[in-house]
Amino acid sequence: MGLLRYTLNRVLQSIPVMFGIAVITFLLVNSMPGNPVDLMLAEQEASPELIAAIEARYGLDEPLHIQFLNYIGASWILGTVGIPGFTGSPPGLLQGDLGFSMYYERPVSGLMVDRLPPTLLLMMSAFAFAIVTAVPLGVLAAKRRNKPADHVSRIVALIGVSTPSFWIGIMLIILFSVQLGWLPSGRLVYPWRDPSHYGLSSQLELYYQTVRHLILPMVALGTLQMATIMRVERSSMIESLQKEYVKLARAYGVSERKIVRKHAFRPSQLPVITLIGLNLTSAIGGAVLIETVFSINGVGRLLIQAIQTHDYQLTLGTTVVIGFVFVIGVIITDISYAYVDPRVSYGEES
Amino acid sequence: MPRDNDAQSKLSRRQAIASGASVSAALLLAGCADDPEIGDDVTSDGTGDGADDGADDGPVDQLNITQQVAPIEWDPIVLNDAYSEQIIHTVYDGLYEYDVQTLDPQPKIAADEPEVERDGERFIVPLREEPEFHDGTPVTAEDVIHTFMAPIEEQTDNMPDVDMIESAEAVDEYTVQFDLEFPYGAFAEMTLARNVVNAEARQADPEAYNTENPIGSGPYQFDDAVVGEFADVTLWEDYWDEPSEIPSIRWEPAEDDAGRVSRILAQETDVMEGIPPADWENIENEDGIRVESTPDTGVFYMAFNTNEGPTTDPDVRRAVAHCHSVGAFIDDVIGEAGQNINYPVAPTIADEWDFPVDEWNDMEYEFDPDLAQELLDGSDAIEEGEELHFISPPDDLRQQWCELAADRLNEIGYGGTVERLDWDTFTNTYQSGDADDYNAYTLGWTGGADPDTYFYNLLHRDSEGVNQGHFYDSDEFHEKIQDARRTVDFDTRRQNYIDVTDELLEECVWIPGWNTLSAIAINESRVDGVLPDTSTSTTPRVDLPSVSLQ
């Protein structure tokens, strides 16, 4: 099976997963106690007519199953083919419409377009930091097993795994921003924005400021990932270095450096890749806190706001997009297996 | 020595890795290093040359303000949150606007005080002829009418603010006549203080008006915004009134307390609103940062369920009040961020209305656990050892108040349980009047410039199940509130409110708690003249001519 076909298969398999995400999230969101209209009216003495008008405006007056059909766009399809009762229904998820946010009074897709790039920038940089630091440290720890370097790296990993990322973030801010004044305490400077927005005169200055603003949130979010990747890298490398073919290579007099690089390193990366692939999307949970601490305008903060304000469509839209990113992450992980390990194929042997 | 057949390629890979590592290290070092070249023309925030030199990214002639919650929309007809209003009040002029310190409404677009006819059922407002919108069109009676009638016609969230208006019509191009469904005592103080929108521009594209292009007649023009990230406004050169001194303003949200406080401590922002009580002292003691505060319109209180259960007996309620000290709690927990009050309105309003606050403060239930125990022992409504159930919203201060009262009840042989609920569950629970749900609850309220916003919304029978969960049953009590609401006679209204407060305190329906302070932290090296307002939605006041950048 070729790569393209394999990828296509995986994408098709993800459709029921996405549908399941939409159904479960819809039910969960609607089972939350309370009413978004109450929150919207902020405890004002509102007439029943006003409450009814607001509910009708956002489709909250419909039965739950109709609300779901409206949300996924099935009502629009039924209306288009002329089924009575559905004519004039708005487009939905199937038509690429993520809905309309009650709280922000804006289309959800527009909000996602604004919020996704900062989150991706943060997560990609955090993972770059984690991989660049964790892989060499993990290899070093495996090579020098039970020696001081190994002990130090294990302690670092333990601290990284057991310390909440938001606490690391706050400590970094206190040290590097408030006490030393070396780095800014929050927000990101986006490299895709015009430099004049930040009072800068050149693109180079913009990139420089982007790096400065990214360092603290990147380290805060990346530390946990770094620690987990390092632990897996170390144990995987130790396992590989004990394999028979490695012993044979040693017996042939192959240098230790070459053994590590050519014979042990690549096969050891399979569990690491799995971990990175899965963590990429689960790290969104950490990003929620880091985005809040560092005032980064990302998807994590948007999701928290959506839940707090009972903004049903925004909660659904955000969750579906995160689910979509997760599915893509898993597919990319699967594809990268075969690149790293030639023994892995995309299906049946030819 | 082992043979190495791969020396050439290994060398190049090593070089590549080394180069990559060098670039990464250089980027990290560069990130931490100072850069005087950039610092000169960036700003004062720490983006350019460290955090020592003042504000944040952005031009040096830009005032940077950090908000505690992100604003979301820009159309006064639909916006319903204080943080959007903080920005919008610089873009729009109100028909009337409140004095910074007294909450006394002053004519702005209006030329004078409203003329009151038909015993308070008709208000005639003359308009100035000078004000113009940012698109060059004059502000006319039609714009004012649209401002007040659109929330009703479009049934927006703000409809309850204006739904006492039966009709509004233009007497001429610069005079508006409002006819009300009933004489509404707070109409001049509360309702008329609304931002005037550009009717034509808004009706042409309401969505763009709310999200991209609000057009007002205020001292600043809306420039650009990304919701949740920033909002920029720039000085409007042709402003009809006295102009501000600040060329441009940028608002940025920092919702996390620690992150927000760090920004002002690192002097990365010029002004920060939303000082957490726990950080008040730290910020105040920091060199180069000044804290300015004024009493706001918020009141916090504990209310009892007088509908069902043990707290239907006034002696049980009085016992709860006697068994703990609200004053000591405020001193210990809230500190300088609030002040103890024993009446149901903000001190600014009490001052404006010349209410007998000294007498009311003398009526405070003193900390006397013995008396509390005696009252409980003598009550038929509660059995020995019975527990009272307190509920609080998701707020530490109000939860701690409940815990204090419950602990003290435990100490005198009775008991208390405390339940902290999320907002939605809390509001649904305290509105039930069911003793199984609660015996007492703690809550806060941000009122306004007229006592009606407190008395009617928090105490009157009409608000039962909306904002009121005490269900206190006294016809005279509720009639006085209603009478005060439906007359424009100041003396009658004042006396009614005094009588109602006396009864509220004597019957211990409520234990008033504290009034919070509207406070801002200011980077002294950058900005001067910025003041907090009595209302959160207009704090900080940056549109005043006295505000300047250093």
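From a predicted model like this one, the values you see are computed outputs, not experimental measurements. Here is the naming used below: chain letters follow the sequence lines, and residue numbers restart at 1 for every chain.
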> How long is the gap from CG on B:Asp256 to CD1 on A:Ile290, to the nearest 0.5 Å?
Replying inline: 10.0 Å
> Roughly how far apart are A:His197 NE2 and B:Phe230 CZ, rounded to 0.5 Å?
Replying inline: 4.0 Å
> Going from CD on B:Gln62 to OH on A:Tyr198, what distance comes out if it is rounded to the nearest 0.5 angstrom?
Replying inline: 12.0 Å
>> Need one label for B:Thr425: side chain, backbone, both or neither, based on atoms under 4.5 Å from any heavy atom in chain A.
In response: side chain
> What part of B:Asn210 is in contact with chain A, defined as an atom under 4.5 angstrom from a non-hydrogen atom: side chain, backbone, both or neither?
Replying inline: both
>> Can you tell me which portion of A:Phe294 sits under 4.5 Å from chain B's heavy atoms? Options are side chain, backbone, both or neither.
In response: neither
>> Between A:Asp114 and B:Val227, does the side chain to side chain contact (heavy atoms under 4.5 Å, CB included) criterion hold? Intermediate values first, please.
In response: CA-CA 9 Å; A:Asp114 283 344; B:Val227 171; 5.9 Å; no
> Are side-chain heavy atoms of A:Glu105 and B:Val78 found at a separation under 4.5 Å?
Replying inline: no
> Checking side chain to side chain contact (heavy atoms under 4.5 Å, CB included) for the pair B:Glu252/A:Ser295: CA distance, chi angles, key distance, verdict?
Replying inline: CA-CA 9 Å; B:Glu252 290 177 321; A:Ser295 304; over 6 Å; no
>> To the nearest 0.5 Å, what is the distance between OG1 on A:Thr292 and CD on B:Glu255?
In response: 7.0 Å
> What heavy-atom pair brings B:Gly228 and A:Arg115 nearest, and what distance separates the two atoms?
Replying inline: CA-NH2, 3.8 Å
>> Between B:Glu464 and chain A, with a heavy-atom cut-off of 4.5 Å, which part of the residue counts as in contact: side chain, backbone, both or neither?
In response: neither
> What are the two closest non-hydrogen atoms of A:Gly186 and B:Glu268, and how far apart are they?
Replying inline: N-OE1, 4.1 Å
>> Give me the atom names and distance for the closest heavy-atom approach of B:Ile72 to A:Tyr103.
In response: CD1-O, 3.2 Å
> Out of curiosity, B:Asp422 CG to A:Gln308 CD, how far, rounded to the nearest 0.5 Å?
Replying inline: 10.5 Å
>> Please determine whether the number of non-hydrogen atoms from other residues, nucleotides or ligands lying under 6.0 Å from atom CG of B:Asn285 exceeds 12.
In response: yes
> Would you call A:Arg193 and B:Val226 a side-chain contact if the rule is heavy atoms closer than 4.5 Å?
Replying inline: yes
>> Can you tell me which portion of A:Gln305 sits under 4.5 Å from chain B's heavy atoms? Options are side chain, backbone, both or neither.
In response: side chain
> Once you round to the nearest 0.5 Å, how far does CG of B:Leu265 lie from CD1 of A:Ile173?
Replying inline: 11.0 Å
> In terms of heavy-atom proximity below 4.5 Å to chain A, should B:Ala258 be classed as side chain, backbone, both, or neither?
Replying inline: side chain
>> Using every non-hydrogen atom in the two residues, find where B:Arg263 and A:Ser185 come nearest and quote the distance to one decimal.
In response: CG-OG, 3.4 Å
> Where does B:Asp81 contact chain A at under 4.5 Å (heavy atoms): side chain, backbone, both or neither?
Replying inline: neither
